[in-house]
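Report on one structure; see the data block that follows.
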Number of protein chains: 2
Amino acid sequence: MYEELKYWYLRDHKLFWTLSMSQIKQLCIIVGFKKAKKGDVIYFSSSDVPRIFLPKKGNIKIVSIDEEGNETIKEILQKGDLFGELSLEQDSEVNEYAKALTDEVSICSFLLSDFEDLLVRNPSLALSYTKFVGLKMKRFKNNYSNLVTKDAKSRLSSFLKDWAQREGKFEGNKVVIENYLTQNDIAQIICTSRQTATLLLNELEERNLIYYNRREIIIDDISKL
Amino acid sequence: MYEELKYWYLRDHKLFWTLSMSQIKQLCIIVGFKKAKKGDVIYFSSSDVPRIFLPKKGNIKIVSIDEEGNETIKEILQKGDLFGELSLEQDSEVNEYAKALTDEVSICSFLLSDFEDLLVRNPSLALSYTKFVGLKMKRFKNNYSNLVTKDAKSRLSSFLKDWAQREGKFEGNKVVIENYLTQNDIAQIICTSRQTATLLLNELEERNLIYYNRREIIIDDISKL
DNA sequence: ATTCAAATGTAAACTAGCCGACAAATAGGT
DNA sequence: ACCTATTTGTCGGCTAGTTTACATTTGAAT
């Protein structure tokens with residue numbers, strides 16, 4: 001891949017903002033580049049060499065499967081995020097994969113070992129990275145306590161608000177979200193059954209709080225949700 | 001505090017193993033030291049200056065309270081762990097505190113800002129720290145999927161096995177755990193009601209899988225749990 | 001245009017676990 | 001040794017949410 005292109009890929013990721021232009025140009029640690037279409041699966045754990053992945057375009061979900069075959073959606077990711085062996089340690093136990101949710105997904109990756117070298121040479125980058133992982137953990141913890149203390153209805157509301165905040169187009173209190181998730185996906189995200197999710201979404205629609213279809217979700221007034 | 005003492009405190013924490021003796025001696029960033037008795041509360045979020053805490057002796061639980069007053073036990077910690085603003089970012093929203101579970105708890109702490117400086121100057125330490133946080137996140141994720149896919153009974157079993165692994169005294173497959181938790185604590189850890197926890201513990205005892213009292217828990221054969 | 005698989009809608013039966021309420025046992029303080 | 005607060009034990013009634021099962025709608029492919 002052209003050095004120039006690598007530069008642009010790294011440059012517009014939050015994580016590398018602390019680096020100067022010349023520093024970024026020196027990195028050039030990107031070794032992989034992948035395109036995927038809706039539904040494509042991208043294996044990463046227990047794959048060949050451990051890597052860190054940067055979603056560049058499109059949306060993907062991280063799914064894990066336990067011994068009994070239960071699927072859990074761990075995260076929904078897009079540009080600006082990271083996935084892979086974020087703990088910088090290999091772990092063969094976990095069985096996770098990523099799945100493209102939209103067409104035209106592109107992802108680049110670098111080797112864990114290269115990234116580690118880079119961190120050792122750039123302490124401030126290491127610091128940003130740690131903060132990044134810490135933030136991720138914080139979000140996770142928050143989900144966890146929602147799951148423990150809140151019922152499915154309010155988990156759906158928080159999820160929708162969250163989603164709107166991250167990707168929605170605002171017009172005052174009205175938000176339009178491009179909907180690349182099925183109701184089954186939403187159900188898994190908020191940890192409930194598909195039927196319950198359907199029920200709750202329809203209820204929100206009946207109360208005119210949202211307008212839902214397969215292409216978009218419109219939240220009439222996010223403050224009322 | 002004597003420099004000598006600080007040295008010993010840092011030296012036997014996993015995190016600082018990668019550093020040489022002379023490096024450790026240069027640190028001396030410990031600024032706080034606190035002793036607590038069973039039941040004492042140690043506030044740390046939204047306290048004065050952000051800190052990182054090192055439990056030195058005894059057991060503590062991290063509890064968080066949300067807007068509606070729901071208590072969730074986040075973690076049980078002991079020597080070798082860390083708590084505080086692990087994401088290295090201040091966060092006034094979260095309302096967490098630590099509570100001593102055993103008598104003679106002692107904790108030392110250093111300022112977040114001091115620690116950050118230290119990380120920037122010691123890239124390899126930054127790396128270990130990142131791995132440490134990453135590992136914590138991994139454990140957290142594991143809990144999360146247990147909560148989603150497993151019922152209370154198997155959550156109790158995994159918790160007991162985990163606890164045994166971390167602190168139990170093994171004699172073959174038999175394990176003795178010093179029990180500093182109430183059934184209510186256990187219930188909160190496995191995210192169920194106190195009554196259900198009591199029920200399940202008694203059921204395990206009736207099946208002769210464990211022997212339970214307030215001082216200790218004996219697991220007859222951990223492989224059968 | 002037709003076909004077919006995936007996604008959505010709906011309903012009844014069922015159940016794990018919660019909640020409230022109270023009794024009994026235990027331990028720590030004076 | 002006594003008092004009191006905390007912890008543990010136990011019991012129905014209750015409910016949110018699951019499960020099973022089937023119908024309908026939608027959209028993409030041929």
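Lettering of chains follows the sequences in order, A, B, ..., and the numbering in each one begins at 1.
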TODO: Go through the N and O atoms of the side chain of B:Q183 and the base of D:dT6, and report whether any donor-acceptor pair is under 3.5 Å.
DONE: no
Open item on the list: Rounding to an integer number of Å, can you tell me how far A:R214 CZ sits from C:dA5 P?
Closed with: 16 Å
Open item on the list: In this structure, how many angstroms lie between the P atom of D:dT6 and the CG atom of B:N184, rounded?
Closed with: 12 Å
TODO: Find which nucleotide of DNA chain D each of A:R215 and B:L201 is nearest to by heavy atoms, and output the residue with the more 5' nucleotide.
DONE: B:L201
- [ ] State, to 0.1 Å, how close B:D81 and B:H13 come at their nearest heavy-atom pair, and which atoms those are.
- [x] O-NE2, 3.1 Å
Open item on the list: Any salt bridge linking B:D66 with A:K150? Criterion: basic side-chain nitrogen under 4.0 Å from a carboxylate oxygen.
Closed with: yes
- [ ] Let me know the distance between CG of B:L199 and P of C:dA16, rounded to the nearest Å.
- [x] 12 Å
Task: OG on A:S145 to CD1 on B:I65, rounded to 0.5 Å - done: 12.0 Å
TODO: Determine whether more than 12 heavy atoms belonging to other residues, nucleotides or ligands lie under 6.0 Å from atom CD of A:E203.
DONE: yes
- [ ] Would you mind telling me which of D:dG17, D:dG9, C:dT10 lies closest to the side-chain atoms of B:R194?
- [x] D:dG9
Task: Selected nucleotide, minimal atom distance to A:T198 side chain, candidates D:dT19, C:dT8, C:dC18 - done: C:dT8
- [ ] Output yes when B:R139 and B:E75 qualify as a salt bridge under the 4.0 Å nitrogen-oxygen rule, no when they do not.
- [x] no
- [ ] Specify the separation, in whole Å, of atom CG of A:N179 and atom C1' of C:dT8.
- [x] 12 Å
TODO: Measure from the side chain of A:S193, starting at C-beta and using heavy atoms only, and say which of D:dT19, D:dT26, C:dA25 lies closest.
DONE: D:dT19
Task: Interatomic distance where CG belongs to B:L204 and P belongs to D:dG9 [whole Å] - done: 12 Å
Open item on the list: Contact list please: residues 140-151 of chain A against DNA chain D, heavy atoms, distance less than 4.0 Å, in numerical order.
Closed with: A:D151
Task: Gap between atoms CG and P, on B:L156 and C:dA16 respectively (whole Å) - done: 16 Å
Task: Rounded interatomic separation in angstrom, taking OH from B:Y180 and C1' from D:dT7 - done: 18 Å
Open item on the list: Given D:dT20, C:dG17, D:dT25, identify the nucleotide with an atom nearest to the side chain of A:Q195.
Closed with: D:dT20
Task: Nucleotide D:dG17, atom C1' - distance to CD1 of A:I186 in whole Å - done: 18 Å
- [ ] State whether B:T182 places a side-chain N or O below 4.0 Å from either non-bridging phosphate oxygen (OP1 or OP2) of D:dT6.
- [x] no
Task: Contacts of type ring-ring contact (aromatic ring centres under 6.0 Å, His included), residue B:F140, not counting sequence neighbours - done: A:Y144
- [ ] Would you indicate, yes or no, if D:dT10 has its OP1 or OP2 atom less than 4.0 angstrom from a side-chain nitrogen or oxygen of B:N202?
- [x] yes
- [ ] Look at all strands and tell whether A:T196 reaches a base, only sugar-phosphate, or nothing, counting heavy atoms closer than 4.0 Å.
- [x] base
Task: Geometric class of the A:F83/A:F53 ring pair [parallel <30°, tilted 30-60°, perpendicular >60°] - done: parallel
